[in-house]
Asks: 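Please find one structure pasted underneath; my questions will follow.
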Amino acid sequence: MDEGLAASEPGPSVAKRARFMGPHASSSSGADPEMEIQALVSMASGLYPLARAEALSGLAAVLKKVNAGGGVVECCYACTEKLLRDEDEGIRLAAVRLVGLCAEKFAMREELGGDGDQMDWVFLQLSSMARDMCTEVRIEAFNALAKMQRVSEGVLLQSLSKKIIKTDTGSASSIKGKKLPPKLSFPCAAGIFAHGVEDEFYQVRTIACKTLGALAKLSNQYAQKALDLLMDMMNDDIEAVRLQTLQALFDMATYGCLSMQEKHMHMFLGILMDANVVVRNAARKILGSVNLPKLQMFKSALDGLIAGLKKNPEDQDIYGVLFSIGKNHGSFSANIAKHLAKEFFQVRYILER
């Protein structure tokens, strides 16, 4: 497919037409997607912000109905290169959304044996937008990152660390030998989640926590490091952030990539005493599904649940959680049962003397 029609600066009449061509461009019966894409790409390079924004919306609408193959996805993705740096916030927001849709199409292609490097490329591009000055753009960037698939572990780990991690190739400007565009390299992903969970707006912190949990299934090493960030978010002042953090942890447990450590138990058990019943329920839900690798952690969990029952006797679901934990840790349960039985017979022997 051609790169696109030669772009000419549209006049006011073209900007007016963009209102109708944008989101509704894909609804015209019998329209050729490639022709629509070429027309919209041309409009996206125009002078007027309204025309550019509507063209991006139109590209997104067309992209949703096409297959992952062919050159349509590449054409849409290439169109976002400059528009991600547009001075208009609305255009940057629409461009990030379009990149997110392209990422979903690239992921489908990878399942059929496509180029895996493309997802790393997109991840880095979205990472750079997670630092945007506009709050809505940052939120949309993290939302798009949550949908990523098969991202290289090195790129994922860099997103957690503010310190630049050296790559295998010894260069921070390439992915497996492919040269990256200027201002788009591994450093652009450095610590985006560390910054995201510290954002002044709770909406950004919330979506950053959600994305941390969503990406955990891609790498066990990433999941372990992401857990440290999520545990810190348990102390967030905003209830919505704490609830999303707990949901992210539950998702990680569902994926089988939540490995609770002893250093986290004190903070986690403190959530069982939270004043909000929804928060307490979410914490117990995680505790009933997570693996506790040490006997002392198992005992601490039981003690925490029993203490919670004494403080909030109305939380009757605690009995079910106690049953689940015991069932999931049979050897630990047997150990404690044996110890209790021994103590019982010792007390009985003393009383009978």
Asks: With a 4.5 Å heavy-atom cut-off, do L249 and M231 have their side chains touching?
Replies: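 Yes, close enough: below the 4.5 Å cut-off.
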Asks: Could you go step by step and tell me if F123 and S152 meet the side chain to side chain contact (heavy atoms under 4.5 Å, CB included) rule?
Replies: CA-CA 10 Å; F123 188 95; S152 297; over 6 Å; no
Asks: Quick one: side-chain hydrogen bond (donor to acceptor under 3.5 Å, both in side chains) partners of H329, sequence neighbours excluded?
Replies: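 Partners of H329 under the side-chain hydrogen bond (donor to acceptor under 3.5 Å, both in side chains) test: none.
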Asks: Using side-chain heavy atoms (C-beta onward) and a distance below 4.5 Å, is V277 in contact with E314?
Replies: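 They are not in side-chain contact.
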Asks: Are M267 and M297 grouped together when hydrophobic residues (ILVMFWY) are joined by side-chain heavy atoms under 4.5 angstrom apart?
Replies: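 As far as the 4.5 Å side-chain criterion goes, M297 and M267 are connected within one cluster.
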Asks: Going through the checks in order, is the side chain to side chain contact (heavy atoms under 4.5 Å, CB included) test met by I207 and K210?
Replies: CA-CA 5 Å; I207 190 64; K210 177 183 178 181; 3.8 Å; yes
Asks: Of the non-hydrogen atoms in A103 and M148, which two are nearest, and what is the gap between them?
Replies: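 Closest heavy-atom pair between A103 and M148: CB-SD, 3.9 Å.
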Asks: Any side-chain heavy-atom pair from L126 and V122 closer than 4.5 angstrom?
Replies: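 Side-chain contact under 4.5 Å: yes.
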Asks: Report the relative orientation of the aromatic rings in F142 and F193; use parallel for angles under 30°, tilted for 30 to 60°, perpendicular for over 60°.
Replies: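 Tilted: the ring planes of F142 and F193 meet at 30° to 60°.
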Asks: State the SG-CZ distance between C209 and R205, to the nearest 0.5 angstrom.
Replies: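 If I round to the nearest 0.5 Å, the distance is 8.5 Å.
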Asks: Determine yes or no for a side-chain-to-main-chain donor-acceptor pair under 3.5 angstrom, with R138 supplying the side chain and D132 the backbone.
Replies: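 Such a contact is found between R138 side chain and D132 backbone.
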Asks: Any non-hydrogen side-chain atom of L272 less than 4.5 Å from a side-chain atom of I318?
Replies: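 L272 vs I318: side chains apart.
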Asks: Any side-chain to backbone donor/acceptor pair from Q38 onto V41? Under 3.5 Å, distance only.
Replies: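 No, Q38 side chain to V41 backbone: no donor-acceptor pair under 3.5 Å.
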Asks: Count the heavy atoms of every other residue, nucleotide or ligand shown that sit under 6.0 Å from NZ of K225, and state whether that count exceeds 12.
Replies: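 Check fails, neighbour count at 12 or below.
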Asks: Where is the tightest heavy-atom contact between A240 and Y202, given as atom of each residue plus distance?
Replies: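 Nearest heavy atoms, A240 then Y202: CB-CE1, 4.3 Å.
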Asks: Give a yes or no on whether a salt bridge exists between E198 and K162, defined as a side-chain N under 4.0 angstrom from a carboxylate O.
Replies: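 Salt bridge flag = yes for K162 with E198.
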Asks: Could you please spell out the steps behind the side chain to side chain contact (heavy atoms under 4.5 Å, CB included) verdict for F268 and L287?
Replies: CA-CA 9 Å; F268 189 81; L287 206 54; 3.6 Å; yes
Asks: Is the closest side-chain heavy-atom distance between V204 and T135 below 4.5 Å?
Replies: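 Yes. Closest side-chain heavy atoms under 4.5 Å.
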Asks: Keeping to residues at least two apart or across chains, list the side-chain hydrogen bond (donor to acceptor under 3.5 Å, both in side chains) pairs with something in residues 264-281.
Replies: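 Only D228-H264, E239-N276, R280-D315, N281-R284 qualify under side-chain hydrogen bond (donor to acceptor under 3.5 Å, both in side chains).
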Asks: Determine whether a donor-acceptor pair (N or O, by modelled atom type, separation under 3.5 Å) exists between the side chain of N328 and the backbone of S324.
Replies: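 Judged by distance alone, yes, a pair lies under 3.5 Å.
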Asks: Could you tell me whether E136 atom CD has more than 12 heavy atoms of other residues or ligands within 6.0 Å of it?
Replies: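 Atom CD in E136 is not crowded, with 12 or fewer foreign heavy atoms closer than 6.0 Å.
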Asks: Quick one: does any side-chain atom of R52 pair with a main-chain N or O of A44 as donor and acceptor, under 3.5 Å?
Replies: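 Not confirmed, R52 side chain does not pair with A44 backbone.
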Asks: So, taking the atom named CG in D303 and the one named CD1 in I306, what distance separates them when rounded to the nearest 0.5 Å?
Replies: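 Answer for the CG-CD1 pair, D303 versus I306, is 6.0 Å.
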Asks: Donor-acceptor pair, distance only, cut-off 3.5 Å: does the side chain of S161 make one with the backbone of L157?
Replies: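 Not at all, since once roles are kept as given, no pair shorter than 3.5 Å links the two residues.
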Asks: Look at the side chain of Q158 and the backbone N and O of K163, then say whether any donor-acceptor pair between them is shorter than 3.5 Å.
Replies: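 Yes.
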Asks: Using every non-hydrogen atom in the two residues, find where L40 and G58 come nearest and quote the distance to one decimal.
Replies: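 Shortest heavy-atom contact: CD1-C, 3.5 Å.
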Asks: With a cut-off of 6.0 Å (strictly less than), are more than 12 heavy atoms of other residues, nucleotides or ligands near CD of Q316?
Replies: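 Yes - once you tally the heavy atoms of other residues, nucleotides and ligands closer than 6.0 Å, there are more than 12.
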Asks: Please check this pair: side chain of R242 against backbone of D236, looking for a donor-acceptor N/O pair closer than 3.5 Å.
Replies: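 Confirmed, R242 side chain pairs with D236 backbone.
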Asks: From L292 CG over to I325 CD1, what is the distance, rounded to the nearest 0.5 angstrom?
Replies: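 One gets 6.5 Å once the value is rounded to the nearest 0.5 Å.
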Asks: Mind checking whether V197 and V241 have side chains closer than 4.5 Å, heavy atoms only?
Replies: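 Answer no - side chains too far apart.
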Asks: Go through D251 and Q247 one step at a time and tell me if the side-chain hydrogen bond (donor to acceptor under 3.5 Å, both in side chains) criterion holds.
Replies: CA-CA 6 Å; D251 291 341; Q247 182 60 51; 3.0 Å; yes
Asks: Is there a donor in the side chain of R85 and an acceptor in the side chain of S128, or the other way round, less than 3.5 Å apart?
Replies: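 Yes, because at least one side-chain N or O of R85 sits under 3.5 Å from a partner of the opposite role on S128.
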Asks: Search all heavy atoms of A144 against all heavy atoms of G100 and return the closest pair with its distance.
Replies: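 Smallest interatomic distance, heavy atoms only, reads CB-CA, 4.0 Å.
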Asks: If you take all heavy atoms of L246 and I286, which pair is closest and at what distance?
Replies: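 That would be O-CD1, 3.1 Å.
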Asks: Using 0.5 Å steps for rounding, measure from the CD1 atom of I91 to the CD atom of E54.
Replies: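 Separation between the atoms: 10.5 Å.
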Asks: So how far is it from L145 CG to I192 CD1, rounded to the nearest 0.5 Å?
Replies: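 Going from the CG atom of L145 to the CD1 atom of I192 covers 5.0 Å.
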Asks: Just verifying a value: how many Å separate M265 CE and F298 CZ, rounded to the nearest 0.5 Å?
Replies: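 Between atom CE of M265 and atom CZ of F298 there are 10.5 Å.
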Asks: Flag yes if V279 and I238 sit in one hydrophobic cluster, no otherwise; membership is Ile, Leu, Val, Met, Phe, Trp, Tyr, and two members link when side-chain heavy atoms are under 4.5 Å apart.
Replies: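 Hydrophobic grouping puts V279 with I238.
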Asks: In sequence, state the C-alpha distance, the side-chain angles, and the governing distance for T206 and Q244, and then conclude on side-chain hydrogen bond (donor to acceptor under 3.5 Å, both in side chains).
Replies: CA-CA 6 Å; T206 301; Q244 182 57 70; over 6 Å; no
Asks: Any chance you could lay out the side chain to side chain contact (heavy atoms under 4.5 Å, CB included) test for L212 and T245, step after step, and finish with the verdict?
Replies: CA-CA 9 Å; L212 274 169; T245 300; over 6 Å; no
Asks: Indicate if L305 and V278 have the same hydrophobic cluster label, given that clusters are the connected sets of ILVMFWY residues with side-chain heavy-atom separations under 4.5 angstrom.
Replies: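 Linked within one cluster.
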Asks: Report whether F201 and L93 are members of the same hydrophobic cluster (ILVMFWY, side-chain heavy atoms less than 4.5 Å apart, transitive linking).
Replies: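 Yes: a chain of side-chain contacts under 4.5 Å links F201 to L93.
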Asks: Tell me if a side-chain donor or acceptor on S333 pairs with a main-chain N or O of G326 at a distance below 3.5 Å.
Replies: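 Yes.
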Asks: Determine whether Y77 and Q125 satisfy the following criterion, side-chain hydrogen bond (donor to acceptor under 3.5 Å, both in side chains), listing intermediate values before the conclusion.
Replies: CA-CA 11 Å; Y77 181 62; Q125 199 167 35; 2.6 Å; yes
Asks: Looking at Y319, I want to see if its OH is surrounded by more than 12 non-hydrogen atoms of other residues, nucleotides or ligands under 6.0 Å.
Replies: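 Atom OH in Y319 is not packed in, count stays at 12 or less.
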Asks: Hey, are the side chains of M273 and K311 touching, using non-hydrogen atoms and a 4.5 Å cut-off?
Replies: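 Yes - at least one pair of side-chain heavy atoms lies under 4.5 Å apart.
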Asks: Flag the pair R150 / L218 as yes when at least one side-chain heavy-atom distance between them is below 4.5 Å, and no otherwise.
Replies: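 In short, these two side chains do not touch, never coming nearer than 4.5 Å.
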Asks: Which atom pair, heavy atoms only, marks the closest approach of K105 to L63?
Replies: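 Reported closest heavy-atom pair: CE-O, 3.0 Å.
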Asks: Between the main-chain N or O of C79 and the side-chain N or O of K82, is there a donor-acceptor pair closer than 3.5 Å?
Replies: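 Looks like no, no N/O pair under 3.5 Å.
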